[in-house]
Amino acid sequence: MDQVQAPDYSFKDVLWREVRQHRTAAIGMAVAVVAVLLLLLQNSLVEIQNGGGERFGNAMLGGLGGFVSTAVGASLALLLRDIKARTQDTMLGFAAGMMLAASAFSLILPGIEAAERLVSVEYIAAAVVITGMGLGVLLMLGLDKFTPHEHENEGPCGPGCERIGRVWLFFLAIALHNLPEGMAIGVSFADNDLSVGMPLTMAILFQNVPEGLAVALALRAAMLSPVMAAIVASGTGLMELLGAFLGIGMAGGLPLAYPVGLGLAAGAMIFVVSHEVIPETHRNGHQTPATIGLMGGFAAMLLLDTLVG
């Protein structure tokens, strides 16, 4: 008897099937993408050339620093044979704490202050930033639903994931993680206020080192050679450079775009911390050291923001 073969669906067919199954997420992502495109369009290259060159350069340097710090962390995997899972979870918890604190102190609060200068009404200013946060969550939720990637605790996710190798699925997952960090760097320099941009950028650079190391070690565990694991893990840091370009483009034009962009970056970062980083640190039963690490990272970012901001 001839064996019946399963139909060979194209990626487009699989993607449309996922869209039909997750209409709410698809609509939310569409709204977020349209909002991002509108924010990008209102800040033309002419505006960058006529008045935004310095802040554009600062944003790009910050994004480049995000890539370099990720590569430094990934390169440490060449020197370290093995790190206990408990230590990795504590380091990731520290990074999560810094991301949460940076979202609050370097994105949300400056966003509310910037909005208050425009509307002079506190609750409307807060609503502007909350709207941006909602757009950031919708954007990351849509990317999580419709981009093939892999979670350690859930396995392969997204349309067409069965057609992509596990290493590349993991690469895409970390790339999605790094995108909002780069966006936060870009947005933080959009008002050319170094007291906002510098603490946040330094925090992201610091926490990228243990993240890059953890990613490289995970890729080594997936049977990659140490050198190839370091190269692939370093490559995920390129999303920080792209995110910085998107961030400065979104928030560098109309005055209202700045607080909205800060809120969007904060919402995306908080989503990643809650959806990706914290569950990963708790997966191996190391909740207590991971939580202590998170508190340490939060305190370190508070101190950094106080000293540099």
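This one's a predicted model, so the numbers in the text were calculated from it and none came from an experiment.
Ser234 pairs by the side chain to side chain contact (heavy atoms under 4.5 Å, CB included) definition with Ala71, Ala74, not counting sequence neighbours. Considering only residues two or more places apart in sequence or on other chains, Leu294 meets the side chain to side chain contact (heavy atoms under 4.5 Å, CB included) condition with Ala96, Leu100, Ile278.
Considering only heavy atoms from C-beta on, His286 stays 4.5 Å or farther from Lys84 through its side chain. Residues Leu139 and Met183 are in side-chain contact: their nearest non-hydrogen atoms beyond the backbone lie under 4.5 Å apart. In this structure, Leu76 and Val209 have side chains that are in contact, with non-hydrogen atoms separated by less than 4.5 Å. Using a 4.5 Å heavy-atom threshold, the side chains of Val277 and Val272 count as touching. In this structure, the side chains of Leu194 and Phe189 come closer than 4.5 Å at one or more pairs of heavy atoms. Within the 4.5 Å cutoff, no side-chain heavy atoms of Thr201 are placed close to those of Leu61.
With hydrogens and angles disregarded, a donor-acceptor distance shorter than 3.5 Å links the side chain of Ser69 to the backbone of Gly65. In this structure a side-chain-to-backbone donor-acceptor pair under 3.5 Å is missing from Arg86 to Pro289. Using a distance-only test at 3.5 Å, with no hydrogens or angles considered, no donor-acceptor pair links the side chain of Asn178 to the main chain of Met239.
For the atom pair CD of Glu113 and CG of Leu109, the computed distance is 6.5 Å after rounding to the nearest 0.5 Å. Within the model, atoms OG of Ser106 and CE of Met98 stand 9.5 Å from one another, a figure rounded to the nearest 0.5 Å.
For the residue pair Glu240 / Asn208, a side-chain donor-acceptor distance below 3.5 Å is found, with atom types taken as modelled.
More than 12 non-hydrogen atoms from other residues, nucleotides or ligands lie less than 6.0 angstrom from CD of Gln287.
Residues in residues 101-111 take part in no salt bridge (Lys or Arg N to Asp or Glu O under 4.0 Å) pair, two or more places apart or across chains.
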